Amino acid sequence: MKAEVFSCIACGAPLAVSESQRINQCRYCKSKFYVQTPEPPAMVLAAAIDEADARRIVEEKMRHREISPYFLQNAVSVKCTLYFIPFFEVRGVKTGTVIHAPGKAPEFSYQTYYYLEKANDLKELGNFVFDAALVEEALLKSKHTEFDPVGMRKQGVVLPPKNTSLLISKAQYGSMDDVENHHRLVYFPIWEVSRIYQGILFKSFISAVDGRVLEIQALRSQSRKLLFSTFGLFCFAILIGRGLYFGKNVLLPLLLIAFPTAIILFPYLWEVFAFQEMVEISGGGEVRFQSINYTENSFVKFCSGLMDGVIKFFWQGKENE
Amino acid sequence: MSKTGIIELKCPKCSCILTGPGSGMIFVCFNCEIGFGVEAKGLGKYRLVCIKPAQPRDMEMIYFPFWLFHSRFQVLPEAPEQEEMFYIPAFFIKSISNYGDIGFYYLQKGVRLESEAKRSLTIFPGERDILMAAHYPAIYLAKLLSCKYPARPEKIKIRHQGAALALIPFYTDPGGSSYMDSQILWKYPPGALR
């Protein structure tokens, strides 16, 4: 995205041209110029979703059974930023001979090839994974606008294309010969909606082209785990009760049912009181959980304080002795 | 092309600002009926031909640029020389194995296009320059003849007699959900044509 200054051929006024923008106009005499450059041309997919829509979509999608209702009520929406993500679009034509069936003579054929490659590692957006197939789909269905770096910067953040190691078509298509090969930069706009809860930032990403959810980050709901755990404890209590009542029969049911139940429930029980999970919901509905270093409620703080007090009490008691 | 340079988009004959989509490299002057293509040394000047729809429909039209070659070719050394008109798309078709090459179909079906005078049109951006397009008549012929014998484009002796820029109308519905060629009614989804 380099810019160079020329003199207008018509009126001599300074003419600042952006290399990614093919047509530039003189501000004074309105003459139009085509910029010939080795830089690939660029285009932008039109953003049809505004900030309010992006926030509304995120709120709607967060009404998911895996997301904590406390998070929904109390998380503070901090910012909503539009990012333009660059992709390299590679298009070309190759020729060669193709054997359509075994034993048949080879026939001459020509084919087009097309692929998209991410041009930025998206470190600014955290560990966000972006599928190029979405861009391809958007290119098929959505409208494009001309590349306007100044206007785009006013709207949001334009990520620079960093990855210049373009794939060579010959490497991908073996022995066929390249007739032509074109590269173009395609900018895909996405909304990043950030929410803060108990000092932790949760980011959600929405396609600004069609409002599709790319990823939602939120705190995981503990209600299902609590339900499982309560049921497990209830079963365990019944078994203990039965064991105490029937005396000799206590050992077998404990071994067969209670221990495996306890082992299965242990991680749930642990997490119920630890509250250390973030849920990530992708656009396809795939749910992933990720541990976060976070302690949520006053109950855990109370328990840990109580334990500290007890330890201190006994420790000091022993020291006094 | 190693350095950045600028080319003024002005008709050398009438000094009008050239018409053309911002993302393409093909421009026209409707006053003088001249088509321009961006080339290494500046703007190349070609005769402009606006094609009449062969199958009229009451639909919105967008004109797609094609490089029109009038060529003479000889497939085999002993064979007589033949003449043909080739319509080479100046735009890119994303996957010809899925959507087909409209330029090749015009050749295969022997379509003859009629021209008409036009003053103002919506033009689709064209990114294939004439030097690149000049390879395609031989490729089309090799593909067309490969059923009879294994022809290779480099073995076909071809001489381009003349070139022009043809604007061929395609129909599009208000939603822009597809483009339909006005000559043989071949359909393309919007993203298939770049």
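Per chain, numbering begins at 1; letters A, B, ... match sequence-line order. In this text the structure is predicted, and so the values were computed from the model without any measurement. Basis for what follows: all heavy atoms, side chains included, without hydrogens, waters or symmetry-related copies.
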Checklist outcome for this item: Closest non-hydrogen atoms of B/Lys94 and A/Tyr114, given as atom of the first, atom of the second and distance, are CE-CD2, 3.4 Å
Checklist outcome for this item: For A/Tyr34, the side chain to side chain donor-acceptor pair (under 3.5 Å) test, sequence neighbours excluded, returns none
Next on the checklist: Please find the pair of heavy atoms, one from A/Val179 and one from B/Met132, that lie closest to each other, and give the distance.
Outcome noted: O-SD, 3.5 Å
Checklist entry - So which heavy atom on A/Ala10 is nearest to which on B/Glu8, and how close? => result CB-OE2, 3.6 Å
Checklist entry - Of the non-hydrogen atoms in A/Lys30 and B/Ile17, which two are nearest, and what is the gap between them? => result O-CD1, 3.7 Å
Item to check | B/Phe27 and A/Ile23, any side-chain heavy atoms less than 4.5 Å apart | outcome: yes
Item to check | Exam field: side chain A/Gln36 to backbone B/Glu39, donor-acceptor pair closer than 3.5 Å | outcome: yes
Next on the checklist: Does any backbone or side-chain atom of B/Ile93 lie under 4.5 Å from a heavy atom of chain A? Answer side chain, backbone, both or neither.
Outcome noted: backbone
Checklist outcome for this item: Residues of residues 104-114 of chain B with a heavy atom under 4.5 Å from any heavy atom of chain A, in residue-number order, are B/Phe104
Checklist entry - Can you name the residues that form a side-chain contact (heavy atoms from CB on, under 4.5 Å) with B/Gln161, not counting sequence neighbours? => result B/His70, B/Arg72, B/Arg159
Checklist entry - Can B/Leu145 and A/Phe108 be said to form a side chain to side chain contact (heavy atoms under 4.5 Å, CB included), step by step? => result CA-CA 9 Å; B/Leu145 302 169; A/Phe108 172 77; over 6 Å; no
For residues 50-66 of chain B, please give each side-chain donor-acceptor pair under 3.5 Å, one per line with the distance, not counting sequence neighbours.
residue : atom : partner  : partner atom : Å
B/Gln55 : NE2  : B/Gln183 : O            : 3.0

